[in-house]
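Notes follow the structure.
Here is the naming used below: chain letters follow the sequence lines, and residue numbers restart at 1 for every chain.
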Amino acid sequence: MKQFDSGGVGIETRATAPKGLTESDLVRMYEYMVLARSLDERMWLLNRAGQAPFVISCQGHEAAQVGAAFSLQPEKDVLVPYYRDLGMVLYFGLTPRELMLSLLARKGDPTSAGRQMPGHYGSRKHNVITGSSPVATQVLHATGIALAAKYRREDTVAWTCVGEGGTSQGDFHEALNFASIHRLPVVFFVENNGYAISVPQRKQMAIENVADRAAGYGMPGVTVDGGDPVAVYTVAREAVDRARAGGGPTLIEAKVQRLTAHSSDDDDRTYRDPEELKAERAQDPIVRFRAALMEQGVLTEAQDADIRARIKAQIDDATEFAEQAPYPDPAELMLHVYGS
Amino acid sequence: MKQFDSGGVGIETRATAPKGLTESDLVRMYEYMVLARSLDERMWLLNRAGQAPFVISCQGHEAAQVGAAFSLQPEKDVLVPYYRDLGMVLYFGLTPRELMLSLLARKGDPTSAGRQMPGHYGSRKHNVITGSSPVATQVLHATGIALAAKYRREDTVAWTCVGEGGTSQGDFHEALNFASIHRLPVVFFVENNGYAISVPQRKQMAIENVADRAAGYGMPGVTVDGGDPVAVYTVAREAVDRARAGGGPTLIEAKVQRLTAHSSDDDDRTYRDPEELKAERAQDPIVRFRAALMEQGVLTEAQDADIRARIKAQIDDATEFAEQAPYPDPAELMLHVYGS
Amino acid sequence: MATKLLIDAIRDTLFEEMRGDDRIIVLGEDVGKRGGVFRVTAGLIDEFGEERVIDTPLAESSIVGVAIGAALHGLLPVAEIQFFDFIHPAMDQIMNEAAKIRYRSGGDFDCPIVIRTPYGGGVHGALYHSQSLESAFTREPGLKVVAPVNPADAAGLLRSAIHDPDPVLFLEHKKAYRLIRDEVPENGHTVPIGKAKVVKEGSDVTIISYGMMLYESLAAANALEEKDGSSVEVIDLRTLRPLDKETILASVAKTGKVLIVHEANKVGGVGAEVAALIAEEAFPYLDGPIMRVAGPEVPAMPFSPPLEQAYLPNAEKIGAALEQLAAF
Amino acid sequence: MATKLLIDAIRDTLFEEMRGDDRIIVLGEDVGKRGGVFRVTAGLIDEFGEERVIDTPLAESSIVGVAIGAALHGLLPVAEIQFFDFIHPAMDQIMNEAAKIRYRSGGDFDCPIVIRTPYGGGVHGALYHSQSLESAFTREPGLKVVAPVNPADAAGLLRSAIHDPDPVLFLEHKKAYRLIRDEVPENGHTVPIGKAKVVKEGSDVTIISYGMMLYESLAAANALEEKDGSSVEVIDLRTLRPLDKETILASVAKTGKVLIVHEANKVGGVGAEVAALIAEEAFPYLDGPIMRVAGPEVPAMPFSPPLEQAYLPNAEKIGAALEQLAAF
Ligand SMILES: Cc1ncc(C[n+]2csc(CCOP(=O)(O)OP(=O)(O)O)c2C)c(N)n1
Ligand SMILES: Cc1ncc(C[n+]2csc(CCOP(=O)(O)OP(=O)(O)O)c2C)c(N)n1
Ligand SMILES: [Mg+2]
Ligand SMILES: [Mg+2]
């Protein structure tokens with residue numbers, strides 16, 4: 001165990017493997033986190049170079065996402081993500097090449113055929129459900145998926161993610177209520193980064209923890225340090241196990257940091273104190289987890305360098321692949337409006 | 001104090017006057033309850049006689065409504081009711097004549113000029129806000145009214161009512177959240193009769209008390225016996241005082257009974273056990289309050305007979321008045337679409 | 001062939017299809033023991049149980065949103081919105097989700113849901129239980145919208161809708177439920193989505209209508225024919241999106257005169273698109289203005305009987321328009 | 001007269017009106033310190049404070065619902081919906097509440113709110129940041145809908161909208177914000193709701209448009225005039241409900257030929273009603289079909305540049321339609 005110092009507040013990042021995780025799983029977790037971060041950073045570079053009109057980031061959310069993803073079984077569970085969930089969709093099998101095709105809106109983009117902005121993940125093959133931009137609509141879809149899974153006597157858990165801002169929407173309320181009435185196998189995962197674009201949490205709700213809403217629906221609610229992938233894994237695993245066992249839904253809130261502006265269209269200097277951002281950066285979950293893994297002897301500098309080199313190569317390949325891909329043919333515009 | 005026996009469950013109905021209420025207020029409360037009930041019963045008679053196409057009832061909710069109404073100051077507070085709130089709107093000043101005009105959709109109906117179904121109360125003069133049929137939209141209006149009142153430094157409290165069924169709507173969630181963030185002077189009053197038409201509470205939510213949702217918004221929540229007007233008055237008065245003092249919103253849930261079918265269009269025999277209805281009838285709030293008042297010596301048989309005679313005369317008058325009123329002229333159809 | 005009321009044709013079809021395919025579930029407010037406020041789903045819960053016939057909380061966005069999710073996971077949900085007037089809270093789920101799932105995923109996902117809902121007035125339903133909002137939906141690519149009023153069409157179109165791979169809004173005129181009775185073929189007959197029906201052939205003028213106004217149109221057509229021997233063709237659109245261009249344009253080519261009739265407000269109604277289509281694609285055949293008889297420009301139908309009557313188009317108003325048109 | 005960008009004309013008008021009337025408040029997502037994602041409300045919070053410039057939670061139904069309540073209690077709220085695409089969750093509050101409050105109360109209550117929202121595409125906004133949903137609203141009696149694209153019109157119509165006693169949906173084309181610059185009169189000038197503007201007079205054919213397509217229409221008109229000397233009249237509707245019948249019909253009476261152009265999907269678009277109106281009330285003047293150039297029948301505008309381009313109507317497509325029309 002390591003005490004991580006983030007400006008006075010002692011935050012713990014565990015690197016010991018809990019139920020169901022081996023030490024090599026911890027390293028895999030770390031790899032997914034670095035992959036997500038590195039891919040995201042490359043996307044910003046492409047954006048700043050004028051090649052990608054839009055990027056929306058996972059930076060600061062990686063530990064929460066990857067910790068959560070490890071509690072799921074991508075071959076049978078269903079992920080209903082939101083736009084920051086790069087870390088989760090990578091774990092579910094979307095490849096850097098596929099994601100770069102999506103970023104650059106090229107032909108063959110499996111998430112939307114170049115129709116949606118980047119960050120609108122979806123892939124039937126990978127059990128990742130197509131998403132839209134209006135926030136929080138997806139939580140109802142996850143609920144419906146869980147309803148169908150339960151009805152079909154499947155062993156499936158539906159996992160859905162939403163920002164704390166999205167919890168203000170009526171759909172969030174309706175989904176939790178419906179899921180709890182029917183004790184559905186669904187987990188609601190709130191990635192609370194304290195902002196909805198520029199609106200700070202205190203203007204979004206009069207409570208400190210979104211998870212406190214769970215009681216009002218008759219389901220368990222947990223708030224977890226979203227900078228600690230193992231802590232997130234632990235509560236996620238408990239929720240997933242409960243859902244699979246017929247125990248119904250859980251609301252999990254992971255406290256995370258948004259380390260970038262809201263998106264490449266945003267400039268957060270008008271509304272975010274640079275000091276605050278600095279403090280958030282000091283809690284970078286990747287730095288934290290890396291330090292913890294090293295402290296525990298689970299990861300060495302050499303291994304880390306190796307991982308990063310492999311990931312860099314993968315991302316270089318993906319970038320090149322996507323840059324060389326053609327745009328969709330204009331005639332594709334009219335396809336897939338109706339199925340019959 | 002009297003222990004009221006309702007088939008085994010001991011329910012208390014107080015007839016001693018708490019803060020701000022005199023004994024004659026208690027009698028006035030009783031009068032409003034009887035007036036609401038009697039008017040409602042007459043409306044059903046007119047419906048069964050084919051004169052009124054639609055009735056929706058307050059029966060079983062009277063104690064909750066009148067108890068709550070007494071905590072308000074109709075000359076400056078604003079009522080944003082729902083369709084069962086006959087008891088509340090009478091207290092705010094809508095007269096039996098006006099309400100009969102509305103029931104029979106006659107010219108001069110002040111609530112809607114004959115345009116809406118009965119039960120869609122509204123009167124600027126009486127500080128009762130116009131309502132629609134879609135449930136729970138009004139809770140947002142009350143929130144907005146409270147926002148304006150606070151902004152204008154008024155001493156006004158907005159009071160809004162909704163059924164427990166309506167609390168499933170997204171608008172309910174959004175309203176409570178907004179009101180709490182801004183600590184607005186608004187009270188959310190849930191009249192929980194256990195049914196949304198035919199859907200029992202257990203199919204509407206996985207919790208027992210709607211008031212338990214308050215914590216998720218950072219506001220106080222209270223569940224009260226809605227069959228006891230004094231109990232309701234007491235918690236209502238506390239909430240209203242807090243709102244007026246700048247302490248923000250409160251969620252109050254009054255447990256009430258629906259003693260009729262959902263409306264005159266409904267037949268509840270398909271979904272409601274006659275035994276259950278019998279048990280509910282045994283808790284008739286008017287019977288309870290009458291017994292308590294008599295026990296306490298606040299009301300005598302003679303007084304009661306007198307009250308009922310006066311009310312009957314008032315309702316006879318209102319019925320006759322409305323029956324003799326003409327229908328609106330067809331040309332009125334095109335009025336009041338736009339104001340300019 | 002059995003003769004059935006519209007409501008029974010719909011209910012029977014639900015029973016038959018649910019028996020044949022256990023992917024079909026029904027969800028909505030009061031659809032269980034109450035059998036729906038109009039009793040369209042009466043008895044379903046007894047045969048199919050609470051898992052397939054779900055009384056939902058009072059929240060339309062969740063009814064549609066959950067249906068979408070269930071469809072994404074292999075079911076064929078038939079959602080009920082208790083009154084068309086109350087569909088607005090579900091607008092986002094219908095327009096931004098259901099209608100766009102196929103397109104936004106490049107065909108990777110689809111959304112085979114049916115949303116059934118009673119619409120229309122003339123039953124003292126007042127402003128919020130009488131609305132005809134179909135044109136709010138027919139503007140949306142990705143959605144299909146049907147409004148059969150004849151029992152056989154309703155049965156056939158409901159069957160098509162349930163098995164259609166796209167979201168279908170299925171509109172049921174509430175006044176027609178227990179008023180319109182007709183023969184309904186057995187054995188799972190279907191009516192294709194997207195096909196109008198010429199319910200009465202004629203050569204002088206075409207009336208295009210749907211819903212209860214079809215019957216007012218027929219009455220007006222017959223009255224005119226009796227009066228002056230004019231020959232009036234009457235078309236029941238049945239499907240409001242996609243419009244059956246072929247049938248519409250063929251009729252206009254034949255008669256050269258068009259009257260469109262619906263109960264919904266006139267401005268921006270389905271009739272606007274029908275008129276625009278004709279004005280664009282059949283102009284050379286037109287012998288007179290394209291007229292519309294429709295609801296007046298007030299927010300909805302009032303409660304008071306004289307106001308409700310004043311709102312509703314009827315055979316008389318249609319007849320007057322026909323005569324005006326004949327004068328061209 | 002100062003020359004201003006559309007976005008500045010709107011912002012300046014908000015400042016001016018808020019200074020003059022403290023009943024005006026602004027509420028919406030990110031309207032405070034962020035000044036809105038497009039910066040339309042930038043600086044307002046500094047001058048007017050958090051009580052008058054309210055950053056709301058991310059919930060559109062509450063934005064409109066709270067605005068309605070505030071209006072019912074004496075304020076003049078200007079609500080912002082961050083993108084038109086995200087207005088659907090507020091549909092019920094807009095359609096069943098705001099638009100019907102006056103009517104349902106027999107005139108006892110009114111609802112003087114403005115709902116501002118950026119719409120339209122061509123900015124890589126993809127399916128959910130490019131929508132043109134105006135016809136979902138123009139069908140609703142009780143609502144007013146304006147879509148000025150010229151800075152002076154925007155300032156004048158915003159002023160009218162804020163002081164209008166009815167709910168007004170105020171549409172701002174997001175591509176025009178920093179593209180369209182023009183002179184804006186000072187001193188609180190207003191433009192009346194319900195009046196179209198003939199932006200270019202002509203005698204052979206009428207183009208009726210609004211929003212960014214107005215400029216494509218003008219370009220096409222000028223190109224045709226240069227090419228063959230045709231004289232094209234171009235009308236900017238500015239207000240989409242109520243339509244300015246007078247201006248529309250007068251122009252058709254003059255030219256006899258009509259092309260309607262908008263970015264929104266064609267079927268059931270605003271153009272359908274304009275066409276239907278003309279086909280009904282100006283038929284004797286028509287010398288050719290009423291044509292429409294509009295967005296294709298796909299759910300919305302895709303992200304990928306070639307697909308976005310393929311979606312958007314432009315001067316070339318408009319020119320082709322003009323030539324087709326000229327051939328009649
Ligand atoms: C219904 C809707 N309204 C507005 C927006 C615009 N918008 C996109 S993201 C966002 C903020 C989301 O905040 P949060 O849910 O906390 O997620 P975060 O971006 O912080 O991860 C907003 C307002 C939207 N996408 N959908
Ligand atoms: C948005 C909406 N959906 C459906 C309805 C139809 N409806 C009217 S009342 C009602 C039940 C309301 O139950 P509850 O809120 O508990 O109030 P109660 O009638 O029990 O007092 C329903 C479903 C409606 N009016 N509005
Ligand atoms: Mg956030
Ligand atoms: Mg109830």
Side-chain angles (χ1 to χ4, degrees), chain A residues 78 80 107-116 120 122-125 127-134 136-152 154 156 158 160 169-171 173-179 181-182 184 186 328 332-340, chain C residues 22-23 25 27 50-52 54-77 79 89-90 92-93 95-113 141-144 160 163-167 192-194 241-242:
Chain A
V78 178
V80 191
K107 196 174 173 71
D109 154 30
T111 68
S112 81
R115 288 162 178 200
Q116 295 216 69
H120 291 65
S123 162
R124 184 173 278 286
K125 182 174 68 179
N127 280 344
V128 177
I129 299 296
T130 172
S132 65
S133 304
T137 54
Q138 75 275 14
V139 294
L140 280 168
H141 305 166
T143 301
I145 289 166
L147 181 80
K150 186 178 179 191
Y151 169 65
R152 292 165 55 170
E154 289 173 4
T156 301
T160 186
Q169 286 284 1
D171 276 6
H173 168 72
E174 298 186 14
L176 268 68
N177 193 39
F178 194 104
I181 292 166
H182 293 274
L184 298 180
V186 54
E332 284 188 30
L333 175 71
M334 302 309 297
L335 301 180
H336 304 305
V337 178
Y338 291 106
S340 79
Chain C
D22 66 7
R23 293 173 304 166
I25 61 167
L27 72 168
E50 290 197 349
E51 261 196 316
R52 291 185 69 190
I54 302 171
D55 274 325
T56 65
L58 210 182
E60 285 74 12
S61 190
S62 70
I63 294 172
V64 176
V66 166
I68 291 170
L72 288 167
H73 204 66
L75 303 193
L76 297 178
D92 197 37
Q93 288 289 348
M95 305 309 245
N96 270 334
E97 303 299 328
K100 294 187 174 68
I101 279 176
R102 181 185 299 280
Y103 193 77
R104 78 175 183 222
S105 66
D108 197 21
F109 290 88
D110 57 10
C111 185
I113 64 170
L143 265 192
K144 295 172 182 170
S160 298
H163 298 286
D164 194 275
D166 295 309
I193 293 175
R241 181 179 185 106

Worksheet item: Between A:Ala149 and chain C, which part of the residue has a heavy atom less than 4.5 Å away: side chain, backbone, both or neither?
Response: both

Table please: side-chain donor-acceptor pairs of residues 332-340 of chain A below 3.5 Å, with sequence neighbours left out.
| unit_1 | atom_1 | unit_2 | atom_2 | d |
| --- | --- | --- | --- | --- |
| A:Glu332 | OE2 | A:Lys107 | NZ | 2.5 |
| A:His336 | NE2 | C:Gly106 | O | 3.3 |
| A:Tyr338 | OH | C:Gly142 | N | 3.2 |
| A:Tyr338 | OH | C:Leu143 | O | 2.5 |
| A:Tyr338 | OH | C:Arg241 | NE | 3.0 |
| A:Ser340 | OG | C:Lys144 | NZ | 3.1 |
| A:Ser340 | OG | C:Asp164 | OD2 | 3.4 |

Discussion item. If you count heavy-atom pairs within less than 4.5 Å of chain C, which of A:Ala146, A:Gly131, A:Pro110 leads?
Written reply: A:Gly131

Practice prompt. Compare every heavy atom of C:Glu51 with every heavy atom of A:Tyr151, then report the nearest pair and how far apart it is.
Written response: CA-OE2, 3.8 Å

Practice prompt. Spell out, as yes or no, whether a donor-acceptor pair under 3.5 Å connects the side chain of C:Arg104 to the backbone of A:Gln116.
Written response: no

Worksheet item: Relative to chain C, which segment of A:Glu154 carries a heavy atom at a distance below 4.5 Å: side chain, backbone, both, or neither?
Response: side chain

Item to complete: Mind running side chain to side chain donor-acceptor pair (under 3.5 Å) on A:His120 and A:Ser133 for me, showing each step along the way?
Response: CA-CA 7 Å; A:His120 291 65; A:Ser133 304; 2.6 Å; yes

Worksheet item: Taking every heavy-atom pair that is under 4.5 Å apart, which of C:Asp166, C:Leu72, C:Asp110 has the most such pairs with chain A?
Response: C:Asp166

Worksheet item: What are the two closest non-hydrogen atoms of C:Ala98 and C:Pro167, and how far apart are they?
Response: O-CG, 3.5 Å

Response to the item:
So, the part of A:Pro328 with a heavy atom under 4.5 Å from chain C: the answer is neither

Worksheet item: Taking A:Thr137, A:Thr143, A:Val139, A:Val78 one by one, which has the highest count of heavy-atom pairs under 4.5 Å against chain C?
Response: A:Thr137

Worksheet item: Which answer fits A:His182, side chain, backbone, both or neither, if we ask what part of it has an atom under 4.5 Å from a heavy atom of chain C?
Response: side chain

Discussion item. With chain C as the partner, which of A:Ala113, A:Ser132, A:Ala175 has the greatest number of non-hydrogen pairs under 4.5 Å?
Written reply: A:Ser132

Could you list the donor-acceptor pairs under 3.5 angstrom formed between side-chain atoms of residues 57-68 of chain C and any protein atom two or more places apart in sequence or on another chain?
| unit_1 | atom_1 | unit_2 | atom_2 | d |
| --- | --- | --- | --- | --- |
| C:Glu60 | OE1 | B:Gln169 | NE2 | 2.7 |
| C:Ser61 | OG | A:Asp171 | OD1 | 2.5 |
| C:Ser62 | OG | C:Ala59 | O | 2.7 |

Worksheet item: When only pairs under 4.5 Å are counted, which of A:Ser123, A:Ala142, A:Ala158 shares the most heavy-atom pairs with chain C?
Response: A:Ser123

